[in-house]
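The structure appears right after this line, and notes come after that.
None of the values given here were measured: they were computed from a predicted structure. Computation of the quantities below employed the complete heavy-atom set of this structure, encompassing side-chain atoms and omitting hydrogens, waters and symmetry-equivalent molecules.
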Amino acid sequence: MTFLPKWPTFLKGKEVVIANAIIAILTIGGQQLFSFFTFSCPCHVGQNLIYGLAFLGVPALILLVVGYALNNQTWRLVTGKRSPLQAEGTQNQLLQCKLTCFVLCSITGRALVAPVTWLAVTLINGSYYVCAMSEYVSVYYYGANPNVTASDRKKILAAFPCSQLVPPELSRARDEVILLLRYQSQVAGWLLIAVVVITVFLSYCLASCFSPLSFLHFRYWTSYVHNEQELFDEATDQHSKLYAIQHIRKFFGFVPGSENVGEIRIPSLREWQAISGLAFLKLVDEEHYDYSLLHDWALKGSVDRKYLKLDEDPVTTT
């Protein structure tokens, strides 16, 4: 039993690798389903290229944007950048620029996992590339009837991805063209994978070489940042809840979940109007905001003291 791997310990600190692997697997599955249910080459001159490149590039672009949008570091990087307080806190512009570039590279690396996986899988599959490039194959591969015009030749080549549109006498030429295009597509896919893997490996090597921390110190720092973020999220949730409780108690006279509630407050029509409507951040002073209309109302000071004691008639206390 002592030789069994301690999986929780082994997986700790590898959350990024696991997340990237899950994203890649989901992308591969999605690509296969997407190709099976939606892809159908038009087999027409001028449309094949647009259709094939659209299926190859547009999903990759969408996945890239989604990758940026789902990364919390993206919003940490851009949120509040135009705030005057942010400008005052930025003293060393060169250091800030370097840090921004480093974070942006990290975000981009995470965001590229899904689109690169999509491109690699689609190229290895070859269907999109065959559709896009069939009409541009060298004339050498069309030898059944060399007397046709160039426009007719393009029409015939554009129809090669659709076997039912190809005359029987051109079946061999079609097979040669399809094999050539699949060869090109799959080589491009594996080259893309190789370039990405080597680039990622060299990037990690360079980042480690220029790190001011030793290996164990870096592992400690990573663990510290992870634990700090978890504790901060828990404290944020608890702090905001306790802060909101004060405002809820002031408006309703009690807190949800309280036991033995003896009386409740009856808000006035004017107070209901004050907390209704659209809420925006309201600047209270140079360093504080009101987070909601209820928050703004609660900080304004005295309110009327109309309460309803439970199981009794409404009374007004002074």
Side-chain angles (χ1 to χ4, degrees), residues 8-9 11-13 15-16 18-19 68-91 96 99-100 103 106-107 110 219-318:
T9 304
L11 296 177
K12 187 176 182 180
E15 292 86 357
V16 174
I18 296 172
Y68 276 112
L70 294 182
N71 195 322
N72 289 333
Q73 293 292 335
T74 302
W75 307 113
R76 175 173 288 190
L77 187 64
V78 301
T79 302
K81 282 298 180 182
R82 303 303 300 173
S83 170
L85 294 177
Q86 182 74 19
E88 292 176 6
T90 306
Q91 301 295 333
Q96 187 68 21
L99 181 60
T100 300
V103 174
S106 176
I107 296 171
R110 293 287 302 276
R219 289 183 60 184
Y220 173 82
W221 171 70
T222 304
S223 178
Y224 170 83
V225 171
H226 175 74
N227 292 328
E228 180 189 74
Q229 187 62 50
E230 283 190 346
L231 293 173
F232 184 84
D233 291 340
E234 293 177 8
T236 298
D237 182 68
Q238 186 174 355
H239 183 282
S240 59
K241 185 175 182 179
L242 293 174
Y243 195 35
I245 282 175
Q246 307 305 316
H247 308 148
I248 296 295
R249 179 186 288 115
K250 190 171 184 178
F251 191 80
F252 288 111
F254 75 103
V255 178
S258 300
E259 297 181 358
N260 301 322
V261 178
E263 59 182 12
I264 58 175
R265 183 176 177 276
I266 308 300
S268 66
L269 177 61
R270 188 180 300 274
E271 289 167 340
W272 281 113
Q273 291 290 342
I275 68 168
S276 301
L278 298 176
F280 297 95
L281 285 175
K282 180 180 178 182
L283 186 64
V284 180
D285 52 43
E286 294 182 353
E287 296 185 359
H288 297 91
Y289 283 96
D290 283 345
Y291 299 125
S292 67
L293 294 177
L294 178 61
H295 184 197
D296 181 57
W297 171 86
L299 296 181
K300 284 184 176 179
S302 60
V303 295
D304 66 76
R305 306 288 293 172
K306 187 173 183 180
Y307 281 83
L308 173 66
K309 291 186 177 181
L310 299 184
D311 298 328
E312 295 185 14
D313 294 331
V315 298
T316 301
T317 60
T318 57

Y243 and H295, any side-chain heavy atoms less than 4.5 Å apart: yes

Does some side-chain heavy atom of I107 sit less than 4.5 Å from a side-chain heavy atom of Y68? yes

Quick one, E234 and L231 - any side-chain contact, counting heavy atoms below 4.5 Å? yes

Heavy atoms from other residues, nucleotides or ligands near OH of Y291 exceed 12 (cutoff 6.0 Å): no

Do S276 side-chain atoms and Q273 backbone N/O form a donor-acceptor pair below 3.5 Å? no

Would you say I248 and P256 make side-chain contact, with heavy atoms under 4.5 Å? yes

Straight-line distance of D296 CG to L294 CG, nearest 0.5 Å: 9.5 Å

Of the non-hydrogen atoms in R265 and F251, which two are nearest, and what is the gap between them? NH1-O, 2.9 Å

Are any of the side-chain heavy atoms of N227 and S223 separated by less than 4.5 Å? yes

Considering non-hydrogen atoms only, spot the tightest contact between A298 and H247 and give its length. CB-CD2, 3.6 Å

Between CG of N71 and OG of S106, what distance do you get to the nearest 0.5 Å? 7.0 Å

Residue pair A69 / W75: nearest heavy atoms and the distance that separates them: O-NE1, 2.7 Å

Considering all heavy atoms, the nearest W297-E271 contact: NE1-CG, 3.4 Å

Please say which of E228, Q229, E230 ends up in a side chain to side chain donor-acceptor pair (under 3.5 Å) with H226. E230

